[in-house]
Trainee: 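Have a look at the structure that comes next, please.
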Amino acid sequence: MEYPQLVEHSRFYFPSGDITLQIDNTLLKFYRHFITKESTKLEEIFNSPQVDGDETYGSDARPIILTGDSIEGWSIFLSLLYSDDPLGARTPHLTHREQIELLRIASKYDMNRIKYGLLSRIKNSAHTTSGLVTLAVAADITDAPELKESAVEEMAKMEPLPTLEEAQLIGLEATYTVLMAVYDQMKRNETSLACNGSYSRLPNPVFCFVCAKKHH
């Protein structure tokens, strides 16, 4: 069996660091002091007893392997952490995707200061379809079904509707809820609307209930 060749992270591999992590085929090496201030769960992982052999657990020769994590999420986390201001000036400029990747790391390792600060920012910026999609995914990550339900309800009122990629993020059930809400609104309005192609919110071509034709 061939194993992928390990590579050092281009930015977050410090030779003098005291802990080495492996995510996929990438090695991260840094100073545990900065990380354990944010997460007691990671502190427990870093202090795990040596399992076997003479090599130090958490060294380059025997890195701590974190399964299920993304190197993107860790890169964002470390870039914020090493700025000495985890929720400082750069955080508002994170893309929706970056916010989600950071939240996955913060939620998994109980980094509550980052987690709740980031959640607050996501909620406050949920004024667009993309912002509400980010909020819905954040609700899934943090196991907050009522928050997701609220985000989906607001999403049904927004234009444009979620893209295919966004629909994949929020899931089939949430997408169905959004589309059915739009459909119900169309049905309620069909008796009072004149046909003017106003049903373009749904994927084209769509059936117009006013003129009984499909619009492209």
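All heavy atoms count here, side chains included; hydrogens, waters and symmetry mates do not.
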Trainee: Mind checking whether L6 and L66 sit in one hydrophobic cluster, side chains of I, L, V, M, F, W, Y counted as touching below 4.5 Å?
Mentor: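 They do not share one cluster, since no chain of ILVMFWY contacts under 4.5 Å joins L6 to L66.
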
Trainee: So with a 6.0 Å cut-off around OH of Y31, is the heavy-atom count from everything else above 12?
Mentor: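 For Y31, atom OH is crowded (more than 12 foreign heavy atoms under 6.0 Å).
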
Trainee: Scan residues 12-22 for pairs that pass salt bridge (Lys or Arg N to Asp or Glu O under 4.0 Å), counting only residues two or more places apart or in two chains.
Mentor: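 Passing the test, one end in residues 12-22: D18-R32.
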
Trainee: A181: what forms a side-chain contact (heavy atoms from CB on, under 4.5 Å) with it, not counting sequence neighbours?
Mentor: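 With neighbours one apart ignored, the set is A156.
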
Trainee: Any ion pair linking K41 and E44 (charged N to carboxylate O, less than 4.0 Å)?
Mentor: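 Answer for the salt bridge query: no.
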
Trainee: Mind jotting down which residue pairs meet the side-chain hydrogen bond (donor to acceptor under 3.5 Å, both in side chains) criterion with at least one end in residues 65-74? Sequence neighbours excluded, please.
Mentor: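 As it turns out, the side-chain hydrogen bond (donor to acceptor under 3.5 Å, both in side chains) pairs with a partner in residues 65-74, which skip direct neighbours, are D69-W74, D69-K108, D69-Y109, S70-E101, E72-R97.
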
Trainee: I need the full list of salt bridge (Lys or Arg N to Asp or Glu O under 4.0 Å) pairs touching residues 169-182, with sequence neighbours left out, sorted by first then second residue.
Mentor: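 Not a single pair qualifies under salt bridge (Lys or Arg N to Asp or Glu O under 4.0 Å).
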
Trainee: Identify all side-chain donor-acceptor contacts of residues 20-27 below 3.5 Å with residues at least two apart in sequence or on another chain.
Mentor:
from, atom 1, to, atom 2, distance (Å)
T20, OG1, D60, OD1, 2.7
Q22, NE2, D24, O, 3.0
N25, ND2, Q5, O, 3.3

Trainee: So which of F77, F14, F30 actually passes ring-ring contact (aromatic ring centres under 6.0 Å, His included) with Y82?
Mentor: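 Only one option passes, and that is F14.
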
Trainee: Which value, rounded to the nearest 0.5 Å, describes the distance between I100 atom CD1 and L169 atom CG?
Mentor: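 Taking CD1 in I100 and CG in L169, the distance rounds to 8.0 Å.
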
Trainee: Can you tell me how far the CD1 atom of I19 sits from the CG atom of L28, to the nearest 0.5 Å?
Mentor: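 Atom-to-atom, I19:CD1 and L28:CG are 11.0 Å apart.
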
Trainee: Could you check whether any side-chain N or O of T40 sits under 3.5 Å from a backbone N or O of E43, counting only pairs where one atom can act as donor and the other as acceptor?
Mentor: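 Checking the backbone N and O of E43 against the side chain of T40, no donor-acceptor pair under 3.5 Å is found.
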
Trainee: Do you know the tightest heavy-atom contact between A136 and I170?
Mentor: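 Looking at all heavy atoms of both residues, the closest pair is CB-CG2, 4.0 Å.
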
Trainee: Could you state the interatomic distance from CD1 (I76) to OG1 (T95), rounded to the nearest 0.5 Å?
Mentor: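 Answer rounded to 0.5 Å: 6.5 Å.
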
Trainee: Do you know which two heavy atoms are closest between G73 and I105, and how far apart they sit?
Mentor: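 Result for this residue pair: C-CG1, 3.8 Å.
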
Trainee: What residues, two or more places apart in sequence or in another chain, satisfy ring pair (Phe, Tyr, Trp, His ring centres under 6.0 Å) together with H9?
Mentor: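 Testing H9 for ring pair (Phe, Tyr, Trp, His ring centres under 6.0 Å), a comparison that skips the adjacent residues, returns F12.
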
Trainee: Measuring from atom CG of L161 to atom CD of E159, what distance do you get when rounded to the nearest 0.5 angstrom?
Mentor: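 Atom-to-atom, L161:CG and E159:CD are 7.0 Å apart.
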
Trainee: According to a 4.5 Å side-chain heavy-atom criterion applied to Ile, Leu, Val, Met, Phe, Trp and Tyr, with indirect links allowed, do Y13 and I64 form part of one hydrophobic cluster?
Mentor: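 No, separate clusters.
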
Trainee: How long is the gap from CG on L147 to CG on L135, to the nearest 0.5 Å?
Mentor: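 That separation rounds to 4.5 Å.
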
Trainee: Rounded to the nearest 0.5 Å, what separation is found between the NZ atom of K148 and the CE atom of M155?
Mentor: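 The distance works out to 8.5 Å.
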
Trainee: For the pair E38 and I114, evaluate side chain to side chain contact (heavy atoms under 4.5 Å, CB included) and give the outcome as yes or no after the intermediate values.
Mentor: CA-CA 8 Å; E38 298 293 339; I114 296 176; 4.0 Å; yes

